[in-house]
Amino acid sequence: MTRPLINDLSRAELAAWCEGQGEQKFRADQIRKWIFGKRVNDFDAMTDISAPLRKTLAESFDLFSSRIAAHQKSQDGTEKLLLELHDGERVECVLMREDDRRTICLSTQVGCGMGCVFCASGLLGFTRNLSTGEILEQVLRLDRLLPPLERITNVVVMGMGEPLANLPNLLKALAALEDKGGLGMSMRRVTISTVGLPDKIRELARTGKSYNLAISLHAPENQLRNQLVPVNDRIGVEAIMEAADEFFETTGRRVTYEYVVLREKNDGIEQAQQLAQLLYGRNAHVNLIPMNAVTELPFNDPGAERLRQFVDALERSGIVATVRKRKGADIDAACGQLRLRHEQPVAASYSPSAAK
Ligand code: SAH
């Protein structure tokens with residue numbers, strides 16, 4: 001029998017539980033410091049908590065609900081975990097190392113319902129939302145891969161799923177990372193990537209937190225975007241841009257536009273010019289992501305030359321663009337690929353692909 005996951009509780013909920021046990025509220029922060037700060041994996045290791053309370057904690061909650069089903073390490077220091085959840089479902093999360101940065105990439109759903117035609121996560125459809133505790137568990141598992149003095153510095157919510165379709169659970173998880181009893185992390189180091197759900201973008205802005213917003217645009221106009229991102233059909237680029245502008249006005253945070261570059265699909269000079277026109281006058285940053293090949297999908301990387309021409313065309317129009325570095329090229333680190341491979345074992349010809 002599984003018990004409730006302790007990290008499904010917010011700080012206030014855990015404090016209330018402690019009070020219900022006849023304990024002081026501050027015990028909640030003590031418990032969380034052990035879990036997040038001191039990386040213990042067992043309630044019994046929480047030595048400043050009384051033995052009876054430790055016992056009640058262990059009888060009342062689970063600290064983890066997943067097991068590591070696969071662990072891959074790349075030559076470049078990137079590590080990827082496939083976690084098997086209590087119900088047998090699987091999600092991926094990634095740790096990337098670069099200079100002083102330790103960036104983790106988190107999933108928010110099992111599968112995804114958005115159906116982007118180039119994305120491995122969408123291939124198997126949407127199964128369910130992750131709970132707050134399941135989102136945090138990815139943080140804990142990845143954090144425990146680091147040596148004692150290293151800490152997670154940045155979080156990108158760019159793993160499996162559509163984060164804004166699971167916003168309450170995500171916000172509760174991020175609050176735990178921000179809490180002093182949690183990781184004490186600044187929300188300026190958190191980036192949430194979305195397919196572009198206008199109402200949810202506004203909701204995110206209203207939280208008053210300094211999250212970075214990244215919008216997965218992938219096409220500068222509706223006809224092409226409808227083909228690549230089917231949910232666009234009932235949203236539209238205009239509504240997304242309006243919500244993004246509001247997000248910038250409310251938060252003062254520059255919005256990033258992600259653009260997966262697909263050879264001969266959306267990588268023409270014409271699209272670069274349309275994109276520049278769309279973003280003209282906006283405080284925007286474009287992040288180009290060369291397509292990570294997925295065996296099952298008929299899309300390709302643009303290649304160095306076409307990519308350079310696309311970047312040049314954007315820059316000539318005054319748009320700042322960066323190309324996302326590839327990480328974990330040797331370990332299936334692109335979103336959803338590891339899970340896909342474990343769900344549907346494919347022939348030995350499967351070619352591991354690069355991560356974003
Ligand atoms: N649902 C969210 C977050 C998850 S995907 C979103 O749409 O933003 C994170 C980013 O990876 C998105 O920009 C997504 O479009 C991109 N992506 C998905 N599949 C990819 C692939 N095969 N190659 C490159 N980027 C991909």
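Every number for a ligand or one of its atoms is a count from 1 in the order of the listing. For clarity, every value in this text was computed on a predicted model and none was experimentally measured. Heads up: numbering here begins at 1 and tracks the sequence.
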J.: For ligand 1, which atoms have a heavy atom of E258 less than 4.0 angstrom away?
T.: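 Ligand 1 atoms under the 4.0 Å threshold to E258: 10 (C), 13 (O).
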J.: Is P163 touching ligand 1 with its side chain, its backbone, both, or neither, if touching means heavy atoms under 4.0 Å apart?
T.: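 It is the side chain that touches ligand 1; the backbone stays farther off.
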J.: Can you list the atoms of ligand 1 that are under 4.0 Å from a heavy atom of M291?
T.: 21 (C), 22 (N), 23 (N)
J.: Nearest heavy atom to atom 1 (N) of ligand 1 wins, so pick from A214, A120, S193, G161.
T.: G161
J.: Check L297 against ligand 1 and report side chain, backbone, both or neither, counting heavy atoms closer than 4.0 Å.
T.: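 Neither; nothing of L297 gets under 4.0 Å from ligand 1.
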J.: Nearest 0.5 angstrom please: T103 OG1 to L95 CG, how far?
T.: 8.5 Å
J.: Can R11 and D29 be counted as an ion pair, charged N to O under 4.0 angstrom?
T.: yes
J.: Do side-chain atoms of T78 reach the backbone of S74 as a donor and acceptor pair under 3.5 angstrom?
T.: no
J.: Counting each atom of ligand 1 from 1 as listed, which ones have a heavy atom of S216 under 4.0 Å away?
T.: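 Near S216, the atoms of ligand 1 are 6 (C), 7 (O), 8 (O), 12 (C), 13 (O).
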J.: Under a 4.0 angstrom heavy-atom cut-off, which atoms of ligand 1 come close to G159?
T.: 4 (C)
J.: Looking at L174, is its backbone amide N or carbonyl O close enough to the side chain of Y211 to form a donor-acceptor pair, meaning the two atoms are under 3.5 Å apart?
T.: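 The answer is no, because no donor-acceptor pair under 3.5 Å joins these two groups.
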J.: Does R254 qualify as a cation-pi partner of F248, given the criterion of NZ or CZ under 6.0 Å from the six-membered ring centre and within 45 degrees of its axis?
T.: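 No, R254 and F248 do not form such a contact.
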J.: Does F118, backbone or side chain, put an N or O under 3.5 Å from an N or O of ligand 1?
T.: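 So ligand 1 has an N or O lying under 3.5 Å from an N or O of F118.
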J.: For the residue pair H218 and Y257, is the inter-centroid distance of their aromatic rings smaller than 6.0 Å?
T.: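 Not close enough - the centres of the two rings lie 6.0 Å or further apart.
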J.: For H218, is the nearest heavy atom under 4.0 Å from an atom of ligand 1?
T.: yes
J.: Kindly assign one of parallel, tilted or perpendicular to the pair F299 and F118, based on the angle between their ring planes and the thresholds 30° and 60°.
T.: perpendicular
J.: With a cut-off of 4.0 Å, which atoms of ligand 1 are near a heavy atom of M158?
T.: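 Heavy-atom distances to M158 below 4.0 Å select 4 (C), 5 (S), 9 (C).
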J.: For I289, take its heavy atoms, then give the atoms of ligand 1 lying under 4.0 Å from any of them.
T.: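 Counting atoms of ligand 1 from 1, those under 4.0 Å from I289 are 13 (O), 24 (C), 25 (N).
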J.: Heavy atom to atom 26 (C) of ligand 1, shortest distance: which of I192, V260, V229, V231 holds it?
T.: V260
J.: With heavy atoms of C119 as the reference, note each atom of ligand 1 found under 4.0 Å away.
T.: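 Atoms satisfying the 4.0 Å criterion: 18 (C), 19 (N).
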J.: Under 4.0 Å from a heavy atom of V195: which atoms of ligand 1 are those, numbered in the order shown and with their elements?
T.: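 Those of ligand 1 that fall under 4.0 Å from V195 are 6 (C), 7 (O), 8 (O).
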J.: Taking the non-hydrogen atoms of A293, is any one of them nearer than 4.0 angstrom to ligand 1?
T.: no
J.: Is D44 salt-bridged to K55, cutoff N-O under 4.0 Å?
T.: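 A salt bridge is absent here (no side-chain N lies under 4.0 Å from a carboxylate O).
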J.: Salt bridge between E92 and K80, side-chain N to carboxylate O under 4.0 Å?
T.: yes
J.: State yes or no: are the ring centers of F61 and W17 separated by less than 6.0 Å?
T.: yes
